[in-house]
Amino acid sequence: MKTEFILRCVKAVQEAIDTHQADIESLDREIGDGDHLINITRGCAVVAAMEETLRPLTPDEVFIRIGKKLLSSIGGASGPLIASFFMAMGETLRKQGAEAITAATFAPAFAAGVAAIGQRGKAGLGEKTMLDVLIPVAQTFETLAVQGDTPALCQALRAEALKGMLGTKDMLATKGRAAFLGERAIGHIDPGSKSCQVAITAVCDTVEQAIGASKTDANAVA
Ligand code: ADP
Ligand code: MG
(Lines give C-alpha, C1' and ligand atoms only; values in the text may rest on other atoms or scores of the structure.)
(Ligands and ions follow the chains in the order given, each with its own letter.)
Protein backbone atom coordinates (compact mmCIF):
# COMPACT_ATOMS: atom_id res chain seq x y z
CA MET A 1 0.00 0.00 0.00
CA LYS A 2 1.31 3.37 -0.99
CA THR A 3 0.28 6.91 -0.09
CA GLU A 4 -1.39 7.38 -3.47
CA PHE A 5 -3.66 4.44 -2.69
CA ILE A 6 -4.55 5.88 0.73
CA LEU A 7 -5.57 9.12 -1.01
CA ARG A 8 -7.83 7.13 -3.33
CA CYS A 9 -9.43 5.48 -0.31
CA VAL A 10 -10.03 8.89 1.29
CA LYS A 11 -12.01 9.95 -1.79
CA ALA A 12 -13.91 6.65 -1.88
CA VAL A 13 -14.87 6.96 1.80
CA GLN A 14 -15.96 10.57 1.32
CA GLU A 15 -18.18 9.58 -1.64
CA ALA A 16 -19.65 6.60 0.22
CA ILE A 17 -20.50 8.72 3.28
CA ASP A 18 -22.21 11.20 0.95
CA THR A 19 -24.19 8.39 -0.68
CA HIS A 20 -25.38 7.13 2.71
CA GLN A 21 -25.87 10.50 4.36
CA ALA A 22 -29.63 10.18 4.79
CA ASP A 23 -29.29 6.85 6.65
CA ILE A 24 -26.49 8.04 8.89
CA GLU A 25 -28.23 11.26 9.75
CA SER A 26 -31.52 9.64 10.64
CA LEU A 27 -29.82 7.08 12.88
CA ASP A 28 -28.14 9.77 14.99
CA ARG A 29 -31.38 11.71 15.11
CA GLU A 30 -33.13 8.62 16.47
CA ILE A 31 -30.71 7.70 19.25
CA GLY A 32 -28.15 10.52 19.37
CA ASP A 33 -28.16 14.28 18.92
CA GLY A 34 -28.20 14.34 15.12
CA ASP A 35 -24.66 15.64 14.54
CA HIS A 36 -22.85 12.44 13.58
CA LEU A 37 -23.22 12.98 9.84
CA ILE A 38 -21.96 16.56 10.21
CA ASN A 39 -18.94 15.35 12.21
CA ILE A 40 -18.08 12.59 9.77
CA THR A 41 -18.66 14.70 6.64
CA ARG A 42 -16.48 17.43 8.10
CA GLY A 43 -13.76 14.89 8.92
CA CYS A 44 -13.82 13.56 5.34
CA ALA A 45 -13.65 17.06 3.87
CA VAL A 46 -10.76 18.07 6.14
CA VAL A 47 -8.76 14.97 5.21
CA ALA A 48 -9.57 15.33 1.48
CA ALA A 49 -8.31 18.92 1.63
CA MET A 50 -4.95 17.65 2.97
CA GLU A 51 -4.27 15.74 -0.27
CA GLU A 52 -1.29 17.77 -1.47
CA THR A 53 0.26 17.92 2.00
CA LEU A 54 -0.08 14.16 2.42
CA ARG A 55 1.07 13.08 -1.06
CA PRO A 56 4.85 13.27 -0.40
CA LEU A 57 4.61 11.54 3.00
CA THR A 58 5.05 7.86 3.84
CA PRO A 59 1.86 5.96 4.85
CA ASP A 60 2.74 5.95 8.58
CA GLU A 61 3.19 9.74 8.51
CA VAL A 62 -0.02 10.11 6.48
CA PHE A 63 -2.08 8.34 9.15
CA ILE A 64 -0.44 10.25 12.02
CA ARG A 65 -1.08 13.60 10.27
CA ILE A 66 -4.69 12.65 9.56
CA GLY A 67 -5.20 11.70 13.21
CA LYS A 68 -3.72 14.96 14.50
CA LYS A 69 -5.78 17.01 12.11
CA LEU A 70 -9.02 15.21 12.99
CA LEU A 71 -8.36 15.71 16.69
CA SER A 72 -8.43 19.45 16.22
CA SER A 73 -11.18 19.60 13.61
CA ILE A 74 -14.05 17.23 14.38
CA GLY A 75 -16.22 17.42 17.41
CA GLY A 76 -18.52 14.98 19.14
CA ALA A 77 -17.49 11.78 20.82
CA SER A 78 -16.51 10.33 17.47
CA GLY A 79 -13.87 13.00 16.62
CA PRO A 80 -11.25 12.14 19.26
CA LEU A 81 -12.04 8.42 18.91
CA ILE A 82 -11.41 8.35 15.16
CA ALA A 83 -8.38 10.61 15.61
CA SER A 84 -6.84 8.14 18.07
CA PHE A 85 -7.53 5.31 15.60
CA PHE A 86 -5.46 7.01 12.87
CA MET A 87 -2.66 8.04 15.22
CA ALA A 88 -2.25 4.56 16.72
CA MET A 89 -2.39 2.99 13.26
CA GLY A 90 0.32 5.33 11.97
CA GLU A 91 2.49 4.83 15.06
CA THR A 92 2.28 1.04 14.71
CA LEU A 93 3.30 1.24 11.05
CA ARG A 94 6.17 3.54 11.99
CA LYS A 95 7.43 1.03 14.58
CA GLN A 96 7.24 -1.78 12.02
CA GLY A 97 9.47 0.32 9.78
CA ALA A 98 8.52 -1.75 6.71
CA GLU A 99 9.01 -0.06 3.35
CA ALA A 100 5.88 -1.44 1.72
CA ILE A 101 2.68 -2.10 3.62
CA THR A 102 1.00 -5.41 2.94
CA ALA A 103 -2.24 -6.84 4.34
CA ALA A 104 -0.11 -8.80 6.83
CA THR A 105 1.60 -5.67 8.16
CA PHE A 106 -1.47 -3.47 7.94
CA ALA A 107 -3.76 -5.83 9.91
CA PRO A 108 -1.91 -5.37 13.27
CA ALA A 109 -1.78 -1.61 12.66
CA PHE A 110 -5.54 -1.54 12.08
CA ALA A 111 -6.03 -3.63 15.24
CA ALA A 112 -3.87 -1.16 17.23
CA GLY A 113 -6.06 1.68 15.94
CA VAL A 114 -9.20 -0.13 17.07
CA ALA A 115 -7.63 -0.87 20.48
CA ALA A 116 -6.85 2.85 20.84
CA ILE A 117 -10.54 3.67 20.31
CA GLY A 118 -11.46 1.13 22.98
CA GLN A 119 -8.99 2.69 25.42
CA ARG A 120 -9.97 6.25 24.73
CA GLY A 121 -13.71 5.57 24.87
CA LYS A 122 -13.41 2.96 27.65
CA ALA A 123 -15.65 0.69 25.63
CA GLY A 124 -15.65 -2.82 24.24
CA LEU A 125 -17.78 -5.22 22.28
CA GLY A 126 -21.55 -5.25 22.78
CA GLU A 127 -21.98 -1.64 23.93
CA LYS A 128 -23.75 -0.47 20.75
CA THR A 129 -20.93 1.64 19.33
CA MET A 130 -18.65 1.74 16.30
CA LEU A 131 -16.53 -0.89 18.11
CA ASP A 132 -19.18 -3.52 17.33
CA VAL A 133 -18.09 -3.16 13.72
CA LEU A 134 -14.40 -2.38 14.24
CA ILE A 135 -13.47 -5.13 16.72
CA PRO A 136 -14.76 -8.09 14.64
CA VAL A 137 -13.37 -6.55 11.46
CA ALA A 138 -9.93 -6.16 13.11
CA GLN A 139 -10.02 -9.78 14.34
CA THR A 140 -11.02 -11.18 10.95
CA PHE A 141 -8.43 -8.97 9.26
CA GLU A 142 -5.64 -10.34 11.48
CA THR A 143 -6.79 -13.94 10.93
CA LEU A 144 -7.11 -13.73 7.14
CA ALA A 145 -4.38 -11.23 6.24
CA VAL A 146 -1.62 -13.83 6.38
CA GLN A 147 -3.42 -16.06 3.86
CA GLY A 148 -2.70 -13.71 0.97
CA ASP A 149 -6.10 -14.01 -0.75
CA THR A 150 -7.07 -10.34 -1.06
CA PRO A 151 -10.47 -10.78 -2.78
CA ALA A 152 -11.56 -13.28 -0.09
CA LEU A 153 -10.25 -10.90 2.59
CA CYS A 154 -12.25 -7.97 1.19
CA GLN A 155 -15.38 -10.05 0.99
CA ALA A 156 -14.97 -11.31 4.57
CA LEU A 157 -14.31 -7.82 5.98
CA ARG A 158 -17.34 -6.33 4.23
CA ALA A 159 -19.52 -9.17 5.55
CA GLU A 160 -18.15 -8.78 9.09
CA ALA A 161 -18.76 -5.01 9.03
CA LEU A 162 -22.34 -5.50 7.84
CA LYS A 163 -23.03 -8.14 10.49
CA GLY A 164 -21.51 -5.97 13.24
CA MET A 165 -23.52 -2.91 12.17
CA LEU A 166 -26.82 -4.84 11.99
CA GLY A 167 -26.01 -6.48 15.32
CA THR A 168 -26.10 -3.11 17.13
CA LYS A 169 -29.84 -2.85 16.43
CA ASP A 170 -30.96 -5.06 19.28
CA MET A 171 -28.32 -3.94 21.76
CA LEU A 172 -28.78 -1.80 24.81
CA ALA A 173 -26.36 1.14 24.66
CA THR A 174 -23.96 1.43 27.56
CA LYS A 175 -21.68 4.12 26.07
CA GLY A 176 -22.28 7.42 24.30
CA ARG A 177 -25.46 9.48 24.18
CA ALA A 178 -27.68 6.49 23.34
CA ALA A 179 -26.93 5.11 26.82
CA PHE A 180 -29.22 7.79 28.27
CA LEU A 181 -32.13 6.29 26.35
CA GLY A 182 -31.97 2.92 28.07
CA GLU A 183 -34.37 0.43 26.45
CA ARG A 184 -35.60 3.06 23.99
CA ALA A 185 -32.37 2.67 22.01
CA ILE A 186 -33.23 -0.96 21.28
CA GLY A 187 -34.46 -1.41 17.72
CA HIS A 188 -32.17 1.31 16.30
CA ILE A 189 -28.80 0.78 14.61
CA ASP A 190 -25.90 2.73 16.12
CA PRO A 191 -24.92 5.62 13.79
CA GLY A 192 -21.16 5.25 14.41
CA SER A 193 -21.33 1.57 13.50
CA LYS A 194 -23.13 2.52 10.26
CA SER A 195 -20.54 5.10 9.22
CA CYS A 196 -17.71 2.65 9.99
CA GLN A 197 -19.43 -0.08 7.95
CA VAL A 198 -19.85 2.34 5.04
CA ALA A 199 -16.18 3.39 5.26
CA ILE A 200 -14.85 -0.19 5.52
CA THR A 201 -17.00 -1.27 2.56
CA ALA A 202 -15.70 1.66 0.49
CA VAL A 203 -12.06 0.77 1.27
CA CYS A 204 -12.64 -2.93 0.44
CA ASP A 205 -14.29 -1.93 -2.87
CA THR A 206 -11.34 0.33 -3.67
CA VAL A 207 -8.87 -2.48 -2.96
CA GLU A 208 -10.81 -4.82 -5.24
CA GLN A 209 -10.95 -2.22 -8.00
CA ALA A 210 -7.18 -1.72 -7.71
CA ILE A 211 -6.59 -5.48 -8.03
CA GLY A 212 -8.96 -5.65 -11.02
CA ALA A 213 -7.19 -2.73 -12.69
CA SER A 214 -3.75 -4.22 -12.18
CA LYS A 215 -4.98 -7.53 -13.68
CA THR A 216 -6.32 -5.64 -16.69
CA ASP A 217 -2.98 -3.82 -17.03
CA ALA A 218 -1.10 -7.11 -16.85
CA ASN A 219 -3.38 -8.57 -19.54
CA ALA A 220 -2.88 -5.53 -21.72
CA VAL A 221 0.88 -5.93 -21.43
CA ALA A 222 0.74 -9.68 -22.08
P1 ADP B 1 -21.69 12.53 19.89
O2 ADP B 1 -22.13 11.23 20.47
O3 ADP B 1 -20.80 13.28 20.82
O4 ADP B 1 -22.83 13.33 19.35
P5 ADP B 1 -21.14 11.58 17.22
O6 ADP B 1 -22.59 11.74 16.98
O7 ADP B 1 -20.22 12.14 16.18
O8 ADP B 1 -20.75 12.16 18.64
O9 ADP B 1 -20.77 10.05 17.33
C10 ADP B 1 -21.62 9.12 17.92
C11 ADP B 1 -21.03 7.74 17.75
O12 ADP B 1 -19.81 7.63 18.47
C13 ADP B 1 -21.92 6.67 18.31
O14 ADP B 1 -22.86 6.26 17.37
C15 ADP B 1 -20.95 5.56 18.68
O16 ADP B 1 -20.73 4.67 17.59
C17 ADP B 1 -19.66 6.30 18.93
N18 ADP B 1 -19.32 6.34 20.36
C19 ADP B 1 -19.84 7.14 21.29
N20 ADP B 1 -19.26 6.92 22.49
C21 ADP B 1 -18.34 5.94 22.28
C22 ADP B 1 -17.38 5.26 23.10
N23 ADP B 1 -17.23 5.53 24.40
N24 ADP B 1 -16.60 4.32 22.53
C25 ADP B 1 -16.72 4.03 21.22
N26 ADP B 1 -17.58 4.64 20.39
C27 ADP B 1 -18.38 5.58 20.91
MG1 MG C 1 -24.12 12.78 17.82
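Whatever order the structure lists them in is the order used to number ligands and atoms, beginning at 1.
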Worksheet item: Looking only at heavy atoms, is any part of I40 under 4.0 Å from ligand 1, and if so is it the side chain, the backbone, or both, or is it neither?
Response: neither

Worksheet item: Backbone, side chain, both or neither: what part of D33 comes under 4.0 angstrom of ligand 1, heavy atoms only?
Response: side chain

Worksheet item: Tell me, which protein residue and heavy-atom name are nearest atom 6 (O) of ligand 1, and how many Å apart are they?
Response: D35 OD1, 3.0 Å

Fill in: Polar contact flag for R177 and ligand 1 (N/O pairs, less than 3.5 Å)
yes

Practice prompt. Determine whether L166 and K169 make a side-chain contact, defined as any pair of heavy atoms from C-beta on separated by less than 4.5 Å.
Written response: no

Discussion item. Heavy-atom pairs closer than 4.0 Å: do any link ligand 1 to the side chain of S78, the backbone, both, or neither?
Written reply: both

Response to the item:
Note: H36 and S78 closest approach over all heavy atoms is ND1-OG, 3.7 Å

Response to the item:
Contact region, D28 to ligand 1, non-hydrogen atoms below 4.0 Å, reads side chain

Worksheet item: Can you tell me the protein heavy atom closest to atom 24 (N) of ligand 1 and the distance?
Response: A123 CB, 3.5 Å

Worksheet item: Donor-acceptor pair, K175 side chain versus K122 backbone, under 3.5 Å?
Response: yes

Worksheet, complete the sentence: Looking only at protein heavy atoms, what sits closest to atom 17 (C) of ligand 1 is M130 CE, 3.7 Å

Practice prompt. Check H36 against ligand 1 and report side chain, backbone, both or neither, counting heavy atoms closer than 4.0 Å.
Written response: both

Worksheet entry | Nitrogen or oxygen of N39 less than 3.5 angstrom from that of ligand 1 | yes

Practice prompt. Give the residue, atom name and distance (to 0.1 Å) of the protein heavy atom nearest atom 3 (O) of ligand 1.
Written response: A77 N, 2.6 Å

Worksheet, complete the sentence: In D33, the N/O/S atom nearest the Mg ion (ligand 2) carries the name OD1

Worksheet, complete the sentence: Between D28 atom OD2 and D35 atom OD1, the angle centred on the Mg ion (ligand 2) rounds (to 10°) to 90°

Worksheet item: Quick one: nearest non-hydrogen protein atom to atom 23 (N) of ligand 1, plus distance?
Response: G121 O, 2.9 Å

Discussion item. Regarding R55 and E51, does a basic nitrogen lie under 4.0 Å from an acidic carboxylate oxygen?
Written reply: yes

Discussion item. Any non-hydrogen side-chain atom of I64 less than 4.5 Å from a side-chain atom of F86?
Written reply: no

Item to complete: Please name the residue in the list T129, I40, D28 that meets the side chain to side chain contact (heavy atoms under 4.5 Å, CB included) test with P191.
Response: D28

Worksheet item: Below 4.5 Å, heavy atoms only, C-beta onward: do V46 and I74 meet side chain to side chain?
Response: no

Item to complete: Find out whether T41 and Q21 are in side-chain contact, i.e. whether some heavy atom of one side chain is under 4.5 Å from a heavy atom of the other.
Response: no

Discussion item. How far is atom 21 (C) of ligand 1 from the closest protein heavy atom, and which atom is that?
Written reply: L81 CD1, 3.7 Å

Worksheet item: Taking distance alone, with no angle check, do G192 and ligand 1 share an N/O pair under 3.5 Å?
Response: yes

Discussion item. Contact between ligand 1 and P191 is defined here as a heavy atom of the residue under 4.0 Å from a ligand atom; is it met?
Written reply: yes

Worksheet item: In terms of heavy-atom contacts, does CZ of R94 have more than 12 from other residues, nucleotides or ligands at under 6.0 Å?
Response: yes

Discussion item. Which label fits F63 and F106: parallel for a plane angle under 30°, tilted from 30 to 60°, or perpendicular past 60°?
Written reply: parallel

Worksheet item: Which ligand 1 atoms, with their elements, are less than 4.0 angstrom from a heavy-atom of D190?
Response: 13 (C), 14 (O), 15 (C), 16 (O)

Worksheet, complete the sentence: Within 4.0 Å of some non-hydrogen atom of G76, the atoms of ligand 1 are 3 (O), 8 (O)

Worksheet entry | Basic-acidic side-chain contact under 4.0 Å: E160, K163 | yes

Discussion item. Using the rule given for salt bridge (Lys or Arg N to Asp or Glu O under 4.0 Å), can you reason through R65 versus E61, listing the C-alpha separation, both sets of side-chain angles and the distance that settles it, and then say yes or no?
Written reply: CA-CA 6 Å; R65 286 280 188 104; E61 290 170 334; over 6 Å; no

Item to complete: Give the residue, atom name and distance (to 0.1 Å) of the protein heavy atom nearest atom 20 (N) of ligand 1.
Response: G176 CA, 3.6 Å

